[in-house]
Amino acid sequence: MTFSGLVKSIITGLAVTAMCVPAFAADTIKMGVAGAHSGDLASYGLPTVNAAKVVVEKINAAGGINGKQVELLIQDDQCKPEQATNVATKLVSDGANVVLGHICSGATKAALPIYTEGKLIAMSPSATNPMLTQSGDYPTFFRTIASDDMQARLGVDFAIEKLGAKKIAVLHDKGDYGKGYAEFARKFIEEGGKAEVVMFEGVTPGAPDYSAVVQKIRRFKADTVIYGGYHPEASKIVSQMRKKRIKANFVSDDGVKDDTFIKVAGKNAEGVYASGPIDVSNLPMYKEAIAAHVKMFGSEPGAFYPAAYAAAVAMLTAIERADSTDYDAVTAKLRSEFVDTPVGKIKFNEKGDAEGVGFSMYQVQNGKYVELK
Amino acid sequence: MDWEFFIELGLGGLTRGSIYALIAIGYTMVYGIIELINFAHGEIYMLGAFTGLIVAGVMGIYGFPAFAILLMAIVIAILYCAAYGYTMEKVAYKPLRGAARLSPLISAIGMSLFLQNYIILAQTSDFLPFPTLIPDFEFMEPIAHIFGSTDLVIVVASAVSMVALTLFIKFTKLGKAMRATAQNRKMAMLLGINADKIISTTFIIGSSLAALGGVLISTHSGQLNFMIGFIAGVKAFTAAVLGGIGSIPGAMLGGLFLGLTESYAAGYISSDYEDVFAFSLLVIFLIFRPSGILGKAPVEKV
C-alpha cells in the first residue's frame, strides 16, 4: 500500500466511523451499572459489573434486542450514599434506560428518589433492606434478592399455617443476624394476630446450659419455638428441650440449616425445621452463567453474581417483550411475565420483590435436610 | 407463687452451680498456694473434654456400654489433664516463681492461648458432637422433665469429689502440708515441706477436677469446641472470687450461688440479662466484700 493509499483508507475509515457512531448510538439501549467498584466493598460490586458484561456480550453477539445493541454505563458509588446520588443524577442525565444496581442498601436508598423522579427502573442484586420495597415509596425499584425479613416471614407463616402454632416462643442469640430475624418474627406474629408470642428472649452464646430458658418454654406452654441464630446454640437448646421432654416444634433460620447442626444435635435434630436459600445450583441457566464468567474472566464469579445476572436478564427481556424502553410498558412486563434466570423462574410483585427467589423450608429427616415443597 | 417453676429453676441452678464449682476449685487452690490466677485452667477443662471425646469415640467403636465408656473417659481425661497441669506448672510458672506477680499472670494468658491454638491445630476448630454417655435412668423418668439423669450425675459427682477433697485437705499429711504452704510458704519450707511438690500436687488436683467437669459437662451440653474453656473459665473464676478466692469451701459456695443467681435471673427476669446479673454480682462483691463469702481479709505481714 502506498502512503497516499494509507491516508485514504484512514480517512475513509474515519468517515465511516463518524457516520456510524451517532447513528449507532442513537439506537442503543443503555443500561447503567451502579455499585461499589472501588474501595472496601468493591468485592460486592464488581461481580455485578462482570455479570452485566457477560449478559450484554451474549445479547449483542446475537444481534441485540429487537435489533438494538446494548451499551453499558458503568458508574462507581463506592457504596457511599452521597456518591450514589451523584451517580444516579449522572445516569438519568446520560439517558440510561434501566439501571442495574445499586449494591448496598444505604446507597440504593439514597439513589432511589432520583430514579423515581426520572422514571428510571433500578434493579438491585443485593440490597436487602426490607423497607426499600415494602415502604412503597420507590415504585421504580426492583430486586432479585430476598429481603432481610423474608426468612422470618417464611418461618412465621410456616409455623402458623402448616404447624398450627398458637403459642410461640421467640428466642435469639443476641447477635445482629439472630436478633434481627427474631424481631421480624415477633412483628409478623403480632401483626398476623393468629398466634401469640409467649416469650421473647436472648440466650447467651456459649453458656454450658440453657435449662432456665428451656423450663420457661414449658412454663408458658409454647407449642413452637422460633429461634434466630446459629447452630451451636440451636443444637444445645433443642437437645435440652428434648431431654426435658418438651415436644414443641423448633423452627429456625439459615444459620441452623447447616450440616454441622445435624452432626452435633444427632437424633435430637430430627424434625427440626430451618429455612435456607432455594437450591438453584442444578438449574441449567445457573451453570451456563457460571461457565460464561469462567470463559470471559478466567475465574469463578464473586458475590451476588447469579442475582446480578438475573437482574440484567430480567430487565433486558422485559424491554424486548415490551419492544420499547418506555417505563410503564417495561414495568408492566416485569410484573406480569415470568422470565428464566440463573436464580430460577421469576417475576416481580407490585412492591418490586422477586417472586420465586429466596428461601424455602427444610426439615431434618433421617439425618438430612429435606426441602419441603 | 408458682412453686414448681421455682423448684425447676433451683434444680437447673444447682446443676449449673456444680459445674462452676468443679472448675472454680482449680482456680482457688492455685491462688491459695502461689497467689496466681491460672488463666489456662479453663483450657485444661477443654482438654479434658477433648480427651473424653477421643476415648468415647474409640470405645464406642468396640461397643462398650455407655457407663463403662463414661468411667473410662473420666479416668483417662483425669490422667491426661493431671499430666498437662503438672507440665504446665513446670514450663510456664515455675521458672517465674521469684519474678514480679505480673509475669506469671502474663505467662498464664500465653499458656491459655497456646493450648487453644494447639487444639485448633491438633484437632479442629469446628464444633464436634459429644455422645450421650449417661443413660436415662428409669427411676428418674417421673421427674426427667425437671431434673434429668445427666443433672443428677453432675450434681452427685461434684458433691462426692468436693467431700473427698475436703477430707483429703483436712485429714491427710499431704493436705496438711498444702494448708501449711498456703499459709506461709517460707515457714513451711523451713519445716521441711517440699514446696515444689506441694505446688505440683495442687495443679494435679485442680486439673483432675477440671477434667471431670469437662467430660460431664460435655455430655450434658452434647458439643464442644476449642473455645468452651474460655466462658466456663470466666464464670468459674467469678464463682471463685464470689466465694473468696483461696478458700475451697468458698469456691463451692460461690459456684452454687452464681449458678442459682443466673438461673433465677433468667427464669424470673430474662435470660437476656443472665451475664449482666452474674457480673453485676461480681462487681458488688468486689466493692462491698472483696474477700468474698468465706475469704479472710488479707493480714498485713509485718
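These values consider heavy atoms only, across backbone and side chains, with no hydrogens, waters or symmetry-generated copies. Note on naming: letters A, B, ... go to the chains in the order of the sequence lines (proteins, then strands), and numbering restarts at 1 for each one.
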Colleague: Aromatic ring centroids of A:Tyr273 and A:Phe158 under 6.0 Å?
Modeller: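 Yes.
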
Colleague: Quick one: are the ring centres of B:Phe5 and B:Tyr268 less than 6.0 Å apart?
Modeller: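 Yes, they do, as the ring centres are separated by less than 6.0 Å.
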
Colleague: Sort B:Ala232 into side chain, backbone, both or neither according to what part of it lies under 4.5 angstrom from a heavy atom of chain A.
Modeller: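 It is neither, since no heavy atom gets under 4.5 Å.
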
Colleague: Between B:Glu262 and B:Arg16, does the salt bridge (Lys or Arg N to Asp or Glu O under 4.0 Å) criterion hold? Intermediate values first, please.
Modeller: CA-CA 9 Å; B:Glu262 282 189 354; B:Arg16 208 179 245 253; 2.4 Å; yes

Colleague: Between A:Val203 and chain B, with a heavy-atom cut-off of 4.5 Å, which part of the residue counts as in contact: side chain, backbone, both or neither?
Modeller: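 The answer is both parts of A:Val203.
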
Colleague: Where does B:Ile269 contact chain A at under 4.5 Å (heavy atoms): side chain, backbone, both or neither?
Modeller: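 Backbone only.
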
Colleague: As an exercise: rank B:Ser149, B:Ala265, B:Ser221, B:Gly222 by heavy-atom pairs under 4.5 Å with chain A and give me the winner.
Modeller: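 Among B:Ser149, B:Ala265, B:Ser221, B:Gly222, the one with the most close pairs to chain A is B:Ser221.
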
Colleague: Non-hydrogen atoms of chain A under 4.5 Å away: do they reach the side chain of B:Asp151, the backbone, both or neither?
Modeller: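 For B:Asp151, side-chain heavy atoms alone lie under 4.5 Å from chain A.
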
Colleague: Using only heavy-atom distances, determine whether the side chains of A:Gln365 and A:Glu270 contain a donor-acceptor pair under 3.5 Å.
Modeller: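 Side chains of A:Gln365 and A:Glu270: no pair found under 3.5 Å.
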
Colleague: Kindly say whether the aromatic ring centers of A:Tyr230 and A:Tyr177 come within a distance under 6.0 Å.
Modeller: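 Yes: the rings meet the under 6.0 Å criterion.
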
Colleague: How long is the gap from CD on B:Glu4 to CD on A:Gln215, to the nearest 0.5 Å?
Modeller: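 Those atoms lie 8.5 Å apart.
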
Colleague: For residues B:Phe130 and B:His220, establish whether the separation of their ring centroids is below 6.0 Å.
Modeller: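 No - the distance between ring centres of B:Phe130 and B:His220 does not fall below the 6.0 Å cut-off.
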
Colleague: By a 4.5 Å heavy-atom criterion (distance strictly below it), what part of A:Thr260 contacts chain B: side chain, backbone, both, or neither?
Modeller: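 Just its side chain gets close to chain B.
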
Colleague: Between B:Asp126 and chain A, which part of the residue has a heavy atom less than 4.5 Å away: side chain, backbone, both or neither?
Modeller: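 Neither; nothing under 4.5 Å.
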
Colleague: Out of B:Gly12, B:Ala266, B:Pro129, which one racks up the most heavy-atom pairs below 4.5 Å with chain A?
Modeller: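 Top option by heavy-atom pairs under 4.5 Å: B:Pro129.
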
Colleague: If I measure from the heavy atoms of chain A, does B:Ile231 come under 4.5 Å with its side chain, its backbone, both, or neither?
Modeller: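 The side chain, not the backbone.
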
Colleague: Do the ring centers of A:His172 and A:Tyr227 come within less than 6.0 Å of each other?
Modeller: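 No - the distance between ring centres of A:His172 and A:Tyr227 does not fall below the 6.0 Å cut-off.
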
Colleague: Given the options A:Pro232, A:Ala207, A:Ser235, A:Pro205, which has more heavy-atom pairs under 4.5 Å with chain B than any of the others?
Modeller: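 Looking at each of A:Pro232, A:Ala207, A:Ser235, A:Pro205 in turn, A:Pro232 comes out on top.
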
Colleague: If you count heavy-atom pairs within less than 4.5 Å of chain B, which of A:Lys174, A:Gln240, A:His231 leads?
Modeller: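 Looking at each of A:Lys174, A:Gln240, A:His231 in turn, A:Lys174 comes out on top.
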
Colleague: Are a donor atom and an acceptor atom from the side chains of A:Asn129 and A:Ser105 found within less than 3.5 Å of each other?
Modeller: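 No donor-acceptor contact under 3.5 Å links the two side chains.
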
Colleague: Can you say whether B:Leu11 sits under 4.5 Å from chain A via the side chain, the backbone, both, or neither, judging by heavy atoms?
Modeller: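 The answer is neither part of B:Leu11.
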
Colleague: Is it the backbone or the side chain of A:Lys243 that comes under 4.5 Å from a heavy atom of chain B, or both, or neither?
Modeller: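 Contact with chain B involves both backbone and side-chain atoms of A:Lys243.
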
